Amino acid sequence: MAGRISFQGELGAYSHEACRQARPGMEAVPCRTFEDAIELCRTGDVDLAMLPVENSTYGRVADIHSLLPGSGLRIIDEAFVRVHINLLALPGTPLDKITAAMSHTVLLGQCRSFLKQHNLRALTGADTAGSAKIVAEKGDPSIGALASELAGEIYGLDVVARQIEDQSNNTTRFLVMSRALDSARRGPGPMMTTFTFRVRNIPAALYKAMGGFATNGVNMTKLESYMVGGSFTATEFYADIEGHPDDANVARALDELRYFTSACDILGVYPADPSRA
């Protein structure tokens, strides 16, 4: 597939790997922030945007769930990327000469055991590949970077230690975003539906809104809440469910949800990634 896809970070970031895995024929466009990656897609400068939403070790990616509803973009696909963390250093540098490791704070939290075992000081960088770029530019052999092998290839660094992550199943889930909603059934497997909603100000509204999914046998794989507009009283919920809105049981559950909510917005309908199994 031709076209361009934006992501947050420098070339070699795990989001860049996600772009290569999910959309190998597209040009990956690095952006400084998540907002920049979203804006490029929203304005049509790129065709798609790749956004990380959660990591199996660290949890959800901060700010993404609050950015999605107001982005004007829709989810058309998901990608689960196995995150292999590597210690990168200047060519020829042995492990015992490295005293500090730089990376994004999220990645630093995913390999605490290795850092402790080798008495490496953690240095916070703006992102993973950006840290590799800084290590290459600084030329200080005592500082390494925690990043992907792809980042090492791009910035000319050696892999001193491979796959040092604390959890052997360390995986990040990404969402592929587009300007247009695609509700067509596609792929041989099941479909997923993501939506946001706000409950009405009535007793037990959330309990009643969720009841339709239970009684109709719809599996909800994610339900998260976050404040809206800095208010402690305005709460929006973000949910993922298995199924397509046209499935009879999903349609009934969504109808019941809307009865107890003041707002409900479908953010995306997309094939479930095979890694979910």
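None of these values were measured; they are calculated from a predicted model. Positions are given from 1, in the same order as the sequence printed here.
Using a 4.5 Å heavy-atom threshold, the side chains of R276 and F80 count as touching. I98 places a side-chain heavy atom less than 4.5 Å from the side chain of T93. Inter-residue side-chain proximity for M102 and L146 is flagged as unmet; no heavy-atom pair is nearer than 4.5 Å. Contact check for L87 versus V159: no side-chain heavy atoms found under the 4.5 Å cut-off. Annotation: side chain of L48 is in contact with side chain of M26 (closest heavy-atom distance under 4.5 Å). With contacts defined as side-chain heavy-atom distances shorter than 4.5 Å, the pair R23/D77 qualifies. A heavy-atom distance below 4.5 Å is not found between the side chains of V176 and I75. At least one side-chain heavy atom of M192 sits less than 4.5 Å from a side-chain heavy atom of E78.
Q110 and N55 are linked by a side-chain donor-acceptor pair at a separation below 3.5 angstrom, with hydrogens and angles left out of the test. For the residue pair Y270 and T194, a side-chain donor N or O sits within less than 3.5 Å of a side-chain acceptor on the partner.
By the 4.0 Å N-to-carboxylate-O rule, D265 lies close enough to R74 to be salt-bridged with it. Comment: R112 does not engage E165 in a salt bridge, judged by the lack of any side-chain N to carboxylate O separation of less than 4.0 angstrom. The pair R162-E149 counts as a salt bridge, with a side-chain nitrogen and a carboxylate oxygen less than 4.0 angstrom apart. A salt bridge does not link K97 with D140: every distance from a Lys NZ or Arg NE/NH1/NH2 to an Asp or Glu carboxylate oxygen is 4.0 Å or more. Salt bridge status for E39 with R42: present, with a side-chain N to carboxylate O gap under 4.0 Å. Salt bridge status for K222 with E224: present, with a side-chain N to carboxylate O gap under 4.0 Å.
Looking at every heavy atom in both residues, V250 comes nearest to E242 through CG2-O, 4.0 Å.
In the hydrophobic clustering of this structure, V218 does not group with Y238; members are Ile, Leu, Val, Met, Phe, Trp, Tyr whose side-chain heavy atoms approach within less than 4.5 Å, directly or through other members.
Around CG of D96, the count of heavy atoms belonging to other residues, nucleotides or ligands within 6.0 Å exceeds 12.
Geometrically, R200 engages Y259 in a cation-pi contact, judged by NZ or CZ lying under 6.0 Å from the ring centre and within 45° of the ring axis.
When R258, R252, E256 are each tested for a side chain to side chain contact (heavy atoms under 4.5 Å, CB included) with L254, only one passes: R258.
Listed for the Y14 side chain is a donor-acceptor partner under 3.5 Å among the backbone atoms of A147.
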Does T196 form a side chain to side chain contact (heavy atoms under 4.5 Å, CB included) with F237? I'd like the steps, not just the answer. CA-CA 5 Å; T196 59; F237 293 88; over 6 Å; no
Show, in sequence, the C-alpha distance, side-chain angles and deciding distance for E54 and R60, and conclude whether the salt bridge (charged side-chain N to carboxylate O under 4.0 Å, His left out) test is met. CA-CA 4 Å; E54 56 196 330; R60 79 176 182 179; over 6 Å; no
